[in-house]
Novice: 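Before anything else, here's the structure in question.
Since the structure is predicted, the reported quantities are computational estimates derived from the model, not experimental observations.
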Amino acid sequence: MALKCSIVTLFSFLLLLATINKAQSVILDIKKFGGANGDITQAFINAWKEACAATSNVKIVIPKGTYKMREVDVKGPCKAPIEIQVDGTIQAPADPSQLHGVEKWVTIGYVSHFTFSGHGIFDGQGATAWKQNDCTKNENCVRRSMNLGFNFVNHSIVRDITSKDSKNFHVNVLSCNNLTFDGFKAIAPDESPNTDGIHIGRSNDVKVLNSKFATGDDCVSLGDGNNRLVVKNVECGPGHGISVGSLGKYDNEAPLDDFLVKNVTIKNTNNGVRIKSWPSEPISITVTNMRFEDITMVNVSNPIIIDQEYCPWNQCSKKSPSKVKISKVSFKNIKGTSATKEGVTLLCSRSVPCQGVELTNIDLKYNGAPVIAVCANVSPKISGKAPTCTSIKSI
Ligand SMILES: *[C@@H]1O[C@H](CO)[C@@H](O)[C@H](O)[C@H]1NC(C)=O
Ligand SMILES: *[C@@H]1O[C@H](CO)[C@@H](O)[C@H](O)[C@H]1NC(C)=O
Ligand SMILES: *[C@@H]1O[C@H](CO)[C@@H](O)[C@H](O)[C@H]1NC(C)=O
Ligand SMILES: *[C@@H]1O[C@H](CO)[C@@H](O)[C@H](O)[C@H]1NC(C)=O
């Protein structure tokens, strides 16, 4: 008995040692930072302050449970890596005006070696905001808060968390370097307006891996000034597909170079993989080295599309061609079903035709028959099985 006891004691002691060794980081439980009526706004800000000042790794834990939180905007530089593990559900105010017009509900900025982890949910409670959204009719519409913003964040990871029902885009990535989304989810109803999954701008080496998007707008969209981005092992749909652009509308746009989309399933969306630019705008930038491969389309309206006459809701004129120069774009091993006969649309600019476009092994069917390709100002290189171009006149 005594022996058994001391073995148990010894075992516990070893276990304790192991835990101490493993837990190199200090753990801050958000509940220790207070929060009246389940509102953790101030607790979040205070926990960040403490974590950011610490000289060794800190993990902030938001345990299982449901919390309310108003807008937070936390920044570095911090002294050591910070991890925020979200296991609970954090709800934004449903009334959009309670976020005081901030661009993002939760903003993380100017940090390196940051990690978001856990299986928790950021719930934007966007239903009221969607009802008020008139952006299809009104160019100066009120833009509601996005769920999450990462600004000037380097060498960081967003793992496993879910963004739900954002009032606007789910995630905005701006000026980040080496940021990886792994096992991320963005979920909102098919008909929710502008609920893009992840929008990336002015960033390098951003990866979106093993993730799932089911939203009312693009799953992943790229703005200008991005280099070396990867979207891999991703499920997309419903929504608007994976989109480069729209480009060429604003001053000071920077070029895009090197985008790989690989092993992606796109389902019930109105576009599959798309590059789009505005006509009649003076901005001339280059878009190059875009690769879309190993993609399965299921009931997608425009599975493969380059659209240099992008002009939704007639918000522009199509009088003069786009000046965005698109080159080296390869579509390879793309199969499945199209919801329209024109499964491949390559509508390039008359002033700067597309160059180096390749179609390799494109096996898309509309009602059981191969899709057709409609093209303007482009002569794609066809390899393996792929539709040849039916030329159409463009503006
Ligand atoms: C992130 O990297 C950029 C480019 O290397 C650098 O200018 C910036 O200071 C870095 N930001 C942080 C927070 O370390
Ligand atoms: C990218 O960031 C991750 C996560 O912090 C880090 O482990 C990795 O070393 C970084 N890669 C480079 C090339 O800096
Ligand atoms: C492709 O992505 C799916 C997730 O959408 C994943 O289950 C599968 O393992 C991936 N295949 C390869 C070859 O990586
Ligand atoms: C095909 O996709 C459209 C949306 O683009 C959707 O409304 C329709 O229900 C889908 N059809 C099937 C059979 O899933």
Side-chain angles (χ1 to χ4, degrees), residues 189-191 196-197 212-221 231-246 259-277 279 290-313 318 326 329-349 353-354 356-395:
D190 195 2
E191 65 281 359
D196 296 53
K212 203 174 158 177
F213 300 87
T215 72
D217 210 306
D218 295 332
C219 294
V220 176
S221 62
V231 171
K232 203 171 159 187
N233 305 347
V234 158
E235 287 175 43
C236 163
H240 295 180
I242 293 173
S243 197
V244 178
S246 37
F259 180 39
L260 172 66
V261 176
K262 193 177 166 77
N263 184 34
V264 170
T265 301
I266 304 180
K267 202 169 172 179
N268 299 334
T269 59
N270 57 5
N271 297 286
V273 287
R274 166 165 71 155
I275 301 175
K276 57 183 175 174
S277 72
M290 305 277 121
R291 287 178 296 154
F292 303 94
E293 58 191 60
D294 304 333
I295 298 174
T296 302
M297 304 281 180
V298 181
N299 179 35
V300 174
S301 299
N302 299 293
I304 295 175
I305 175 165
I306 295 178
D307 181 4
Q308 295 209 261
E309 295 179 358
Y310 180 71
C311 185
W313 321 304
K318 291 193 180 181
I326 298 173
V329 183
S330 108
F331 300 99
K332 190 176 169 187
N333 302 335
I334 300 185
K335 61 171 202 261
T337 56
S338 172
T340 61
K341 193 172 157 208
E342 295 85 7
V344 179
T345 303
L346 304 174
L347 202 52
C348 295
S349 168
C354 296
V357 175
E358 295 182 17
L359 294 170
T360 308
N361 299 328
I362 309 297
D363 185 8
L364 290 167
K365 299 237 162 52
Y366 167 67
N367 279 345
V371 299
I372 65 164
V374 291
C375 310
N377 307 307
V378 58
S379 313
K381 179 173 173 239
I382 311 272
S383 316
K385 185 182 161 170
T388 51
C389 275
T390 307
S391 289
I392 57 161
K393 226 173 104 225
S394 123
I395 47 141

Novice: Are there over 12 heavy-atom neighbours, none belonging to K381, within less than 6.0 Å of that residue's NZ?
Specialist: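 No - once you tally the heavy atoms of other residues, nucleotides and ligands closer than 6.0 Å, there are 12 at most.
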Novice: Using modelled atom types and a 3.5 Å cut-off, is there a donor and acceptor pairing between side-chain atoms of H240 and backbone atoms of G216?
Specialist: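 Yes: the side chain of H240 pairs with the backbone of G216.
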Novice: Could you list the residues that satisfy side chain to side chain donor-acceptor pair (under 3.5 Å) with S330, not counting sequence neighbours?
Specialist: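 S330: no side chain to side chain donor-acceptor pair (under 3.5 Å) contacts found.
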Novice: How many angstroms lie between atom OG1 of T390 and atom CD1 of I372, to the nearest 0.5 angstrom?
Specialist: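 Answer for the OG1-CD1 pair, T390 versus I372, is 4.5 Å.
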Novice: What is the ring orientation for F292 with F331, classed by angle as parallel under 30°, tilted 30 to 60°, or perpendicular over 60°?
Specialist: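 Ring orientation, 0 to 90° scale: parallel.
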Novice: For L364 and I334, which heavy atoms make the closest approach, and how far apart are they?
Specialist: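 Heavy-atom minimum between the residues: CG-O, 4.1 Å.
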Novice: What's the verdict on side-chain contact (heavy atoms from CB on, under 4.5 Å) for I306 and C354, showing C-alpha distance, side-chain angles and the deciding distance?
Specialist: CA-CA 9 Å; I306 295 178; C354 296; 4.3 Å; yes
Novice: Given R274, which of T345, N302, D218 fulfils the side chain to side chain contact (heavy atoms under 4.5 Å, CB included) condition?
Specialist: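 Testing R274 for a side chain to side chain contact (heavy atoms under 4.5 Å, CB included) against T345, N302, D218 leaves exactly one candidate, D218.
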Novice: Going by the rule salt bridge (Lys or Arg N to Asp or Glu O under 4.0 Å), which residues pair with K385 if we only count those two or more places apart in sequence or in a different chain?
Specialist: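 Only D363 meet the salt bridge (Lys or Arg N to Asp or Glu O under 4.0 Å) criterion with K385.
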Novice: So, C375 with C348, SGs under 2.5 angstrom?
Specialist: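 The answer is no, since C348 and C375 keep their SG atoms 2.5 Å or more apart.
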Novice: To check you understand the geometry: which heavy-atom pair defines the closest contact between G237 and A214, and what is its length?
Specialist: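 Minimum heavy-atom separation between G237 and A214: O-CB, 3.5 Å.
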Novice: Please tabulate, one pair per line, all N/O donor-acceptor pairs under 3.5 Å involving side-chain atoms of residues 293-301, not counting sequence neighbours.
Specialist:
unit_1	atom_1	unit_2	atom_2	d
E293	OE2	K262	NZ	3.1
D294	OD1	N333	ND2	3.1
D294	OD2	K262	NZ	3.1
N299	ND2	N268	OD1	2.7

Novice: Which heavy atom in N361 sits nearest to a heavy atom in G384, and how many Å separate them?
Specialist: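 Closest approach of N361 to G384, heavy atoms only: OD1-CA, 3.5 Å.
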Novice: Under the side chain to side chain donor-acceptor pair (under 3.5 Å) test, which residues partner N233, sequence neighbours left out?
Specialist: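 By the side chain to side chain donor-acceptor pair (under 3.5 Å) rule, N233 matches N210, N263.
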Novice: Assess the residue pair E358 and S383 against the criterion (side-chain contact (heavy atoms from CB on, under 4.5 Å)); give the C-alpha distance rounded to whole Å, side-chain angles, the decisive distance to 0.1 Å, and a yes or no.
Specialist: CA-CA 8 Å; E358 295 182 17; S383 316; 5.5 Å; no
Novice: Can you list the residues that meet the salt bridge (Lys or Arg N to Asp or Glu O under 4.0 Å) rule with D217, with sequence neighbours excluded?
Specialist: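 D217 satisfies salt bridge (Lys or Arg N to Asp or Glu O under 4.0 Å) with no other residue.
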Novice: D307 side chain to E309 main-chain N or O, any donor-acceptor pair under 3.5 Å?
Specialist: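 Confirmed, D307 side chain pairs with E309 backbone.
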Novice: Considering residues at least two apart in sequence or located in another chain, which fulfil the side-chain contact (heavy atoms from CB on, under 4.5 Å) criterion with P353?
Specialist: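 P353 satisfies side-chain contact (heavy atoms from CB on, under 4.5 Å) with N377 once adjacent residues are dropped.
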